[in-house]
2 protein chains.
Amino acid sequence: MPVSPSQHAAPSSDVVTQAPRRSVRDEVEQSLRAGLLSGRFVPGHSVTLRGLAQELGVSPMPVREAVRALSAGNALEIRSNGRIQVPTMTPQRLSEILTARLLLEPELAFVAAANLGSADATALRKIDDRVDESLSGGDAETYMRENFAFHFHIYRAAGSQVLMPLVESLWLQFAPFMRTVYGRVGTAALDDHHKEAIAAVRSRDAGGLRDAIAADIRCGMDLLDRSSEEGLRDE
Amino acid sequence: MPVSPSQHAAPSSDVVTQAPRRSVRDEVEQSLRAGLLSGRFVPGHSVTLRGLAQELGVSPMPVREAVRALSAGNALEIRSNGRIQVPTMTPQRLSEILTARLLLEPELAFVAAANLGSADATALRKIDDRVDESLSGGDAETYMRENFAFHFHIYRAAGSQVLMPLVESLWLQFAPFMRTVYGRVGTAALDDHHKEAIAAVRSRDAGGLRDAIAADIRCGMDLLDRSSEEGLRDE
DNA sequence: TTCGGGCAAATGTGATCACAAATCGAAGGG
DNA sequence: CCCTTCGATTTGTGATCACATTTGCCCGAA
């Protein structure tokens, strides 16, 4: 809704927003990432440039670039006819994603362990409490957000500007699908290995942290195997 | 040079171009990827939207999206002032890239081995001949293109739509820097392990192929260590 | 000669328009 | 009742424009 005749968006009405240089495109991209990671986007559903633009109150232009950036990392799919949609999942694609996670994330956690201390263990404990709470409450959306926060609080400590984007790309790819899995199987069946990870962080046991993360990923694989037994839907 | 008054580019004058649906943006992106992988872009050099657009004979719009897509994978860097430049390399960033390659590529080759046969071994032999030729000739640009072709002929056989983009992203990140390394150290110092890889492909030895690829990557790491002894420039 | 200051050019960003292709709907014929 | 057909709408794509910011360069003063 272009209220102002000026072509640029108003600087959010605050005197000093403190934001270094937040472009509309970045805000849109972050919004889309958050939506994908929390499972607000349903796999197979098609999204439109103008639709997203109107939903976010911006012009289609920043959305176009944000969508392009996301689709470059396979977080969104651009079909041959040009339409945009949340990627669908196939069993082998999911298997590849989990294989890649198993290759990267434990190693990333291993590196991160050196930079994690008891303060981080406490913070992780707090996040994990919210994870457990949303698990028992069955709030899949909150669970996904907090589970992401848990893992990436660890990974961020590695300070890797190369591995982190790769892992983020993987999460963006499988997150929308997980949402549907939780909706079918329920979140109660989850038995993550966060407690062991926290203990490893507190005792500065890098190898233990790596193994805990690996076990956590394998747990997700088991859940999906169980889910596929109950009939895996791709569309 | 908008000769035609029509807004869309002419369909390349051919009756049936056979192209399914080549958008200008995709062509631009492929062109940029090829440029990065062959080392035509110098790290630290800044590129401009309008400059690339004029160079490729298109409007800035498709370039904008292509650059956005590449910067999403850290193949191009967008500075805080908004300017675009080929990313610079730091020792730890390079170390991270090679670590990631060592985590992903040998495993990808291991998977690919099942789908590779003697025909592929012959094709790889041909590519490797051109690699050796460009090595002795000191043609760094051709070397980089053929070396890329060699590795990705193998990786492509894995049929992975998840690991492949990750590995491609890594190559796009380190390729521009390698160009400068070859320019300083020379390509003659390279002793890749392509012959062992070809032998492993021919004998369908998955483990051997994985080890050959790992050795090849480690060889690159050694070259860089040697290069940094002679003074590593970051800017 | 060297260091600022200020003006012009360049650059990224966002908006809007035009157009072709695809999609979706309803109407009509089997 | 189902399928085809045709027209209106939607959608992505590319081009162009306006604007804020920054960069680059030239000129003048110390």
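Here is the naming used below: chain letters follow the sequence lines, and residue numbers restart at 1 for every chain. All figures in this text were calculated on a predicted structure; none of them were measured in a lab. Below, each value reflects all heavy atoms present in this structure, side chains not excepted, and no hydrogens, waters or symmetry copies.
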Give the rounded distance in Å between these two atoms: [atom1] of [X] and [atom2] of [N].
{"X": "B:I78", "N": "D:dT22", "atom1": "CD1", "atom2": "P", "result": "16 Å"}
{"X": "B:R68", "N": "D:dT13", "atom1": "CZ", "atom2": "P", "result": "16 Å"}
{"X": "A:R22", "N": "C:dG12", "atom1": "CZ", "atom2": "C1'", "result": "17 Å"}
{"X": "A:M61", "N": "D:dC17", "atom1": "CE", "atom2": "P", "result": "14 Å"}
{"X": "A:L76", "N": "D:dG12", "atom1": "CG", "atom2": "P", "result": "12 Å"}
{"X": "B:L70", "N": "C:dG12", "atom1": "CG", "atom2": "C1'", "result": "17 Å"}
{"X": "B:L49", "N": "D:dC17", "atom1": "CG", "atom2": "P", "result": "17 Å"}
{"X": "A:E77", "N": "D:dG12", "atom1": "CD", "atom2": "P", "result": "14 Å"}

**Ring geometry between A:F152 and A:Y155 (parallel below 30°, tilted from 30 to 60°, perpendicular above 60°)** =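 Aromatic pair A:Y155/A:F152 classed perpendicular.
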
**Request:** Check whether the side chain of B:R50 and the base of C:dG12 form a donor-acceptor pair under 3.5 Å.
**Result:**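 Such a pair exists between side chain and base.
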
**Message:** I need the B:W171 CH2 to B:L36 CG distance, nearest 0.5 Å.
**Reply:**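 The CG atom of B:L36 is 14.0 Å from CH2 of B:W171, to the nearest 0.5 Å.
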
**Prompt:** Axis-to-axis angle across the helix from C:dT1-D:dA30 to C:dG30-D:dC1, five pairs an end, to 10 degrees?
**Reply:**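 So the angle between the two local helix axes works out to 10°.
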
Dump the pairs, protein N or O against N or O of nucleotides 23-25 of chain C, anything under 3.5 Å, distances to one decimal.
| unit_1 | atom_1 | unit_2 | atom_2 | d |
| --- | --- | --- | --- | --- |
| C:dT23 | OP1 | A:N81 | ND2 | 2.6 |

Does [X] reach a base, just sugar-phosphate, or nothing at all? Heavy atoms under 4.0 Å.
{"X": "B:R79", "value": "nothing"}
{"X": "B:V47", "value": "sugar-phosphate"}
{"X": "A:R64", "value": "base"}

**Comparing B:G51 and A:P62 on DNA chain C - which has the more 5′ nearest nucleotide** =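 Taking each residue's closest nucleotide, the earlier one in sequence belongs to B:G51.
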
Check whether any side-chain heavy atom of [X] sits under 4.5 Å from a side-chain heavy atom of [Y], and report yes or no.
{"X": "A:S169", "Y": "A:Q173", "result": "yes"}
{"X": "A:P106", "Y": "A:I217", "result": "yes"}
{"X": "B:V47", "Y": "B:V67", "result": "no"}

**Side chain of B:S59 (C-beta onward), nearest among D:dG14, C:dG12, D:dA15** =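 Selected nucleotide (nearest to the side chain): D:dA15.
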
**Request:** Could you check which of D:dG12, C:dG12, D:dT16 has an atom nearest any side-chain atom of A:I84?
**Result:**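 Among D:dG12, C:dG12, D:dT16, the one nearest the side chain of A:I84 is D:dG12.
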
Verify the neighbour count for atom [atom1] of [X]: are there more than 12 heavy atoms of other residues, nucleotides or ligands below 6.0 Å?
{"X": "B:Q30", "atom1": "CD", "result": "yes"}
{"X": "B:Q92", "atom1": "CD", "result": "yes"}
{"X": "B:Q161", "atom1": "CD", "result": "no"}

**Asked** Salt-bridged, A:E29 to A:R33, with N to O below 4.0 Å?
**Response**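 Yes, this pair counts.
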
**Request:** Keeping the roles fixed (side chain from B:S71, backbone from B:N74), state whether a donor-acceptor pair exists under 3.5 Å.
**Result:**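 The answer is no, because no donor-acceptor pair under 3.5 Å joins these two groups.
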
